[in-house]
Amino acid sequence: VQLQASGGGLVQPGGSLRLSCAASGSIVSINVMGWYRQYPGKQREFVARITNAGSINYADSVKGRFTISVDNAKSTGYLQMNSLKPEDTAVYFCNAWIRATMTGPVSPDYWGQGTQVTVSS
C-alpha cells in the first residue's frame, strides 16, 4: 500500500488549496484518513481526521477554514484549505489507517510523502 500526496504549492494569504492523498495497492478498507503538518525543526502536528464512521476532527487552528473528506470509490482523501494564513505554511503529510487484507489488522502506519504549502504574498 502506498499513499501519494499532492496539491501543495504557493498561494497568497486568503487563498485556497486542495490537497489530495491517493491510496494504491491492496486495500480492503480505509478506516481513518488524516492530515498532519510539520514546521521546520518542529514535530509533526495534527490537522484533521475523518473516520469511515463519519467522525471528523479538526485542530482548533484550522476549524472553519479546512474541510477533510474521503472518496472511498477512488481511495483518495482530500483536504480543502480556505482562507489560508502565513502560519499555515508547512509540509503537509497524509496518514491512513488501512486494512490491507480481509483477515489482517488495520494498520495506522501508512504515510504519504510530504507536500509543501507556502502561504505568502
Side-chain angles (χ1 to χ4, degrees):
V1 176
Q2 291 187 328
L3 299 184
Q4 179 72 38
S6 61
L10 172 64
V11 64
Q12 292 187 342
S16 298
L17 282 175
R18 189 176 80 156
L19 305 183
S20 299
C21 179
S24 61
S26 174
I27 299 170
V28 173
S29 64
I30 300 176
N31 291 43
V32 180
M33 175 71 73
W35 289 92
Y36 293 74
R37 63 188 179 189
Q38 189 168 21
Y39 300 105
K42 301 290 186 180
Q43 289 201 351
R44 207 168 289 184
E45 68 176 38
F46 169 76
V47 175
R49 177 175 55 234
I50 184 169
T51 75
N52 60 354
S55 176
I56 296 176
N57 298 99
Y58 295 100
D60 288 343
S61 58
V62 307
K63 280 181 182 176
R65 300 188 298 121
F66 291 11
T67 302
I68 190 171
S69 62
V70 172
D71 184 335
N72 289 301
K74 296 181 179 179
S75 297
T76 300
Y78 303 96
L79 185 68
Q80 177 67 43
M81 305 186 296
N82 299 329
S83 303
L84 282 161
K85 305 175 180 180
E87 52 264 42
D88 294 317
T89 296
V91 178
Y92 285 71
F93 296 87
C94 59
N95 164 257
W97 296 35
I98 291 175
R99 187 186 304 278
T101 64
M102 290 298 291
T103 57
V106 176
S107 172
D109 297 328
Y110 295 101
W111 289 89
Q113 87 290 3
T115 183
Q116 176 71 47
V117 171
T118 302
V119 185
S120 175
S121 54

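Just so you know, residue 1 is the first one in the sequence shown, and it goes up from there. Owing to the predicted nature of the structure, the values given are computational and were not obtained by experimental measurement.
To the nearest 0.5 Å, the span separating CZ on Arg18 from CG on Asn82 amounts to 11.5 Å. We find the OG1-CG distance between Thr67 and Leu79 to be 8.0 Å, quoted to the nearest 0.5 Å. Here the CG atom belonging to Asn31 is positioned 11.0 Å from the CE atom belonging to Met33, to the nearest 0.5 angstrom. Taken from CG in Leu3 to OG in Ser20, the straight-line distance is 12.5 Å, to the nearest 0.5 Å.
No donor-acceptor pair under 3.5 Å is formed between the side chain of Arg65 and the backbone N or O of Met81. Formation of a donor-acceptor pair under 3.5 Å by the Gln38 side chain with backbone atoms of Ala90 is not found in this model. Remark: side-chain polar atoms of Thr76 are not paired, donor with acceptor, to backbone N or O of Asp71 under 3.5 angstrom. In this structure, the side chain of Thr51 engages the main chain of Ala53 through a donor-acceptor pair within 3.5 Å.
Hydrophobic clustering, with ILVMFWY side chains joined whenever heavy atoms are under 4.5 angstrom apart, groups Tyr92 together with Val11. In this structure, Ile98 is not a member of the same hydrophobic cluster as Val32, with clusters built from ILVMFWY side-chain heavy atoms closer than 4.5 Å. A continuous path of ILVMFWY side-chain contacts below 4.5 Å connects Tyr110 to Val70, so both sit in one hydrophobic cluster. No continuous path of hydrophobic side-chain contacts links Val47 to Phe93 [ILVMFWY only; heavy atoms under 4.5 Å].
Nearest approach of Arg99 to Gly104, heavy atoms of both residues: NH1-O, 2.6 Å. The minimum heavy-atom distance between Val1 and Ala100, with the atom names listed, is CG2-CB, 4.2 Å. Counting all heavy atoms, side chain and backbone alike, Thr115 lies closest to Ala5 at CG2-CB, 4.4 Å. Taking both residues in full, the closest heavy atoms of Ile50 and Ile56 are given as CG1-CG1, 3.7 Å, listed atom of the first, atom of the second, then distance.
Sequence neighbours left out, the pairs with a member in residues 4-56 that pass ring pair (Phe, Tyr, Trp, His ring centres under 6.0 Å) are Tyr36-Phe46, Tyr36-Trp111. Pairs engaging residues 50-79 under the ring pair (Phe, Tyr, Trp, His ring centres under 6.0 Å) rule: none recorded [sequence neighbours left out].
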For this session: Decide yes or no on side chain to side chain contact (heavy atoms under 4.5 Å, CB included) for Ser61 and Arg37, but give the supporting numbers first.
Result: CA-CA 12 Å; Ser61 58; Arg37 63 188 179 189; 3.2 Å; yes
Exercise. Is there a side chain to side chain contact (heavy atoms under 4.5 Å, CB included) between Leu19 and Cys21 once you walk through the steps?
Worked result: CA-CA 7 Å; Leu19 305 183; Cys21 179; over 6 Å; no
For this session: Could you check Leu10 against Ser120 for side chain to side chain contact (heavy atoms under 4.5 Å, CB included), going step by step and ending with a plain yes or no?
Result: CA-CA 7 Å; Leu10 172 64; Ser120 175; 4.2 Å; yes
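For Gln43, the CD atom counts as loosely surrounded, since its 6.0 Å shell holds 12 or fewer non-hydrogen atoms of other residues, nucleotides or ligands. In the displayed structure, Gln2 atom CD is contacted under 6.0 Å by at most 12 heavy atoms of other residues, nucleotides or ligands.
For Asp60, the salt bridge (charged side-chain N to carboxylate O under 4.0 Å, His left out) partners at least two apart in sequence or on another chain are Lys63.
The closest side-chain heavy-atom distance from Ile30 to Asn52 is not below 4.5 Å. Pro86 has its side chain within reach of Pro13: a pair of non-hydrogen atoms, C-beta onward, lies under 4.5 Å apart.
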